[in-house]
Amino acid sequence: MSTPTIGVLALQGDVREHLAALAAEGADAVPVRRPEELAAVDGLVLPGGESTTIAKLAARFGLMEPLRAAVRSGLPVYGSCAGMVLLADRLLDAPADQETVGGLDVTVRRNAFGRQVDSFESTVRLGEATVPAVFIRAPWVEEAGPQVEVLGRVVGGAGDGKIVAVRQGSLLATSFHPELTGDRRVHALFVEIVREARGRRSGAVAGEERSSS
Amino acid sequence: MTVPDPTTPRATGTAAVQRGMAEQLKGGVIMDVVTPEQARIAEDAGAVAVMALERVPADIRAEGGISRMSDPDMIDGIIAAVSIPVMAKARIGHFVEAQVLQSLGVDYIDESEVLSPADEAHHIDKHAFTVPFVCGATDLGEALRRIAEGAAMIRSKGEAGTGNVVEAVRHMRAIRAGIRRLSTLDETELFVAAKELRAPHDLVVEVARAGKLPVVLFTAGGIATPADAAMMMQLGAEGVFVGSGIFKSGDPAQRAAAIVQATTFADDPDVIAKVSRGLGEAMVGINVATLPESERFATRGW
């Protein structure tokens, strides 16, 4: 199978680290700032950054509706930290007018662990694996809908047991920043999700072509 | 492979957490604000963070006197007004102002030459803090000395409060040229380079190998227009501090939003042209060449 093209929304945030992690996991990683660039990718990462800034820039440059349409049409999307906030259907502790892309049936609390002096490094159990995790003014998932699979929770300390990694179909989100640690298992999982989605789509297209002939 | 202990206690204030915070600000604009109302305007315009201070640099310049850390009530008011990170300035070497700012819960401390220095030989030992620090630098050696002291982010100094980008350009070019030069040196030459830069050898080697600073590099000091911000990004800045340039201009909300957009689309002149229209008066600038040495902020810090 050919290399999947995965975009990183490059309006603001730690874009370069995500591009590097995706490339190291075998994807063709490209920055995305315009609707036509979004239309050309097989999957998208919403990076860490400031979610209010990213949302405002997306709205101003006509990306918000294309992003929503892409999520509705099944584009695989992974959001880390601010990216999790942007994927959430519902927010707590956000400015009243903060928009999100949505699609993930969760309620996310912004800056849930506190301010920067409360930011921390720890480990998170993701299924069988234990991964190092850096939390920076991080959100957590307050409530998750029935379709949402909980992948990871915080162990110990403030927020013990809070949900910090989730998946719903082709949507993946973490409160923490795997792009900062050099441990690429979350990116590897996302590249796999993108490959599967692409396989399904090309299979479906082939099927349509057969039935129409 | 060793499996990390899942019960590892959480660690705050580590290099990864401090430097990682600055990584999240990249591609963004950090705006000086002196009131909660200004902080809200900055957040609405798309600022990634605000810098709380008592007077913007242009007013510090105009009014003179000793400038210090801001009133804690003012900082509390700004923290309460916005959901984005709040930074605040401490005087160079004034470690107790820094302790106070940490206790107030600010997200980043700027050990800043814009305030009156409290120590003419020593900067703050920034390793002693949980809260991360950003420091100014005019060249690579100064940047590396600050990083050795624990700075988790560097900004080129420029000349704050002038609305004149010429010093920001000079300092950004000096830092970037210093980095490029290191990458051409062999192992023997790097020992001499460390001596000349007056910086720790291990940091010099790290920069020579990586071709970049080990922390995020922003720009500051004199950025007043969308085109200024975009030029600094094209010169290698990873983000922009705007001080007096916004709230000393005719239409702060619109200018702030325009600078945010120009920073994201720094390489797209069509966008910069579009956002530069109808902004009203830019701040009145100062010709840096006519500034006496004693009134230059950039020479503060050692």
Side-chain angles (χ1 to χ4, degrees), chain A residues 10-17 33-34 47-57 59-61 80-82 93-95 97-98 110-111 113-125 128-137 154-159 176-177 179-183, chain B residues 3-30 40 43-49 79 82-87 102-109 129-132 152 212 216 238-239 257 260-261 263-265 267-268 271 275:
Chain A
L11 297 175
Q12 189 273 318
D14 62 351
V15 175
R16 186 178 61 215
E17 288 69 21
R33 289 184 301 179
R34 298 176 176 85
E50 179 48 51
S51 64
T52 56
T53 302
I54 296 171
K56 283 176 206 300
L57 285 166
R60 266 180 222 147
F61 288 96
S80 72
C81 195
D93 293 343
D97 61 347
Q98 183 169 351
R110 282 182 72 220
N111 306 335
F113 291 94
R115 305 193 65 84
Q116 173 61 12
V117 288
D118 306 305
S119 294
F120 62 98
E121 286 184 73
S122 184
T123 52
V124 169
R125 218 192 283 271
E128 295 297 298
T130 302
V131 299
V134 176
F135 292 85
I136 295 171
R137 286 172 50 96
V154 164
V155 182
F176 52 92
H177 294 277
E179 73 276 16
L180 294 180
T181 59
D183 185 304
Chain B
V3 177
D5 178 1
T7 62
T8 305
R10 62 179 61 184
T12 57
T14 60
V17 169
Q18 293 190 343
R19 294 177 179 185
M21 166 80 195
E23 302 285 352
Q24 307 313 309
L25 302 172
K26 284 191 300 194
V29 181
I30 299 166
R40 272 189 288 267
E43 182 175 45
D44 284 347
V48 287
I79 287 175
V82 294
S83 69
I84 57 178
V86 175
M87 301 184 168
Q102 175 166 293
S103 98
L104 292 175
V106 306
D107 296 298
Y108 236 94
I109 294 176
F129 290 80
T130 304
V131 66
K212 64 184 281 299
V216 167
E238 297 181 288
V260 167
Q261 294 169 58
T263 301
T264 293
F265 287 89
D267 58 350
D268 187 334
V271 171
V275 303

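Each chain gets a letter, A, B and so on, in the order the sequences are listed, and its residues count up from 1. Computed from heavy atoms alone, side chains included, the values below leave out hydrogens, waters and symmetry copies. Predicted model only: the values in this text are computed from it and were never measured.
Of the charged side-chain nitrogens involved, at least one lies within less than 4.0 Å of a carboxylate oxygen, so that A/R110 and A/E50 count as a salt-bridged pair. A salt bridge is absent between B/K26 and A/D14; no separation between the charged side-chain nitrogens and carboxylate oxygens falls under 4.0 Å.
B/D267 meets the side chain to side chain contact (heavy atoms under 4.5 Å, CB included) test with A/R33; sequence neighbours excluded. Every residue meeting the side chain to side chain contact (heavy atoms under 4.5 Å, CB included) condition with A/T181, not counting sequence neighbours, appears here in chain and number order: A/P132, A/V134, A/D183.
Only the side chain of A/E17 comes within less than 4.5 Å of a heavy atom of chain B; its backbone N, CA, C and O stay farther away. Heavy atoms closer than 4.5 Å to chain B are found in the side chain of A/F113, but not in its backbone. Contact annotation for B/E43: both backbone and side-chain heavy atoms come within less than 4.5 Å of a heavy atom of chain A. Proximity to chain B involves both the backbone and the side chain of A/L11, based on heavy atoms less than 4.5 angstrom apart. Interface residue A/S119: backbone and side-chain heavy atoms are both found under 4.5 Å from chain B. Using a 4.5 Å cut-off between heavy atoms, B/F265 touches chain A through backbone and side chain atoms alike. The contact between A/R115 and chain B is made by backbone and side chain atoms together, counting heavy-atom distances below 4.5 Å. Looking at A/A133, neither its backbone nor its side chain comes within 4.5 Å of chain B, counting heavy atoms on both sides. Proximity to chain B is limited to the side chain of A/V154, based on heavy atoms less than 4.5 angstrom apart. Proximity to chain A is absent for every atom of B/V82, based on heavy atoms less than 4.5 angstrom apart.
With chain B as the partner, the residue from A/I136, A/T52, A/I54 showing the most heavy-atom pairs under 4.5 Å is A/I136. Note: B/A47 leads B/A47, B/G239, B/A49, B/A22 in heavy-atom pairs under 4.5 Å with chain A. For chain A, the option among B/I84, B/V271, B/V131 with the highest count of heavy-atom pairs below 4.5 Å is B/I84.
Donor-acceptor pairing under 3.5 Å is recorded for the side chains of A/Q98 and A/S51.
Between the CG atom in A/L180 and the CZ atom in B/R19 there is a gap of 12.0 Å [rounded to 0.5 Å].
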For side chain to side chain contact (heavy atoms under 4.5 Å, CB included), just list the numbers for B/R10 and A/T123, CA-CA rounded to whole Å, side-chain angles, deciding distance to a tenth of an Å, and then say yes or no.
-> CA-CA 8 Å; B/R10 62 179 61 184; A/T123 52; over 6 Å; no
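Judged purely by atom type and a 3.5 angstrom limit, A/Q116 has no side-chain atom pairing as donor or acceptor with the backbone of B/P132.
At a threshold of 4.5 Å between non-hydrogen side-chain atoms, the residues A/E179 and B/E23 do not count as touching.
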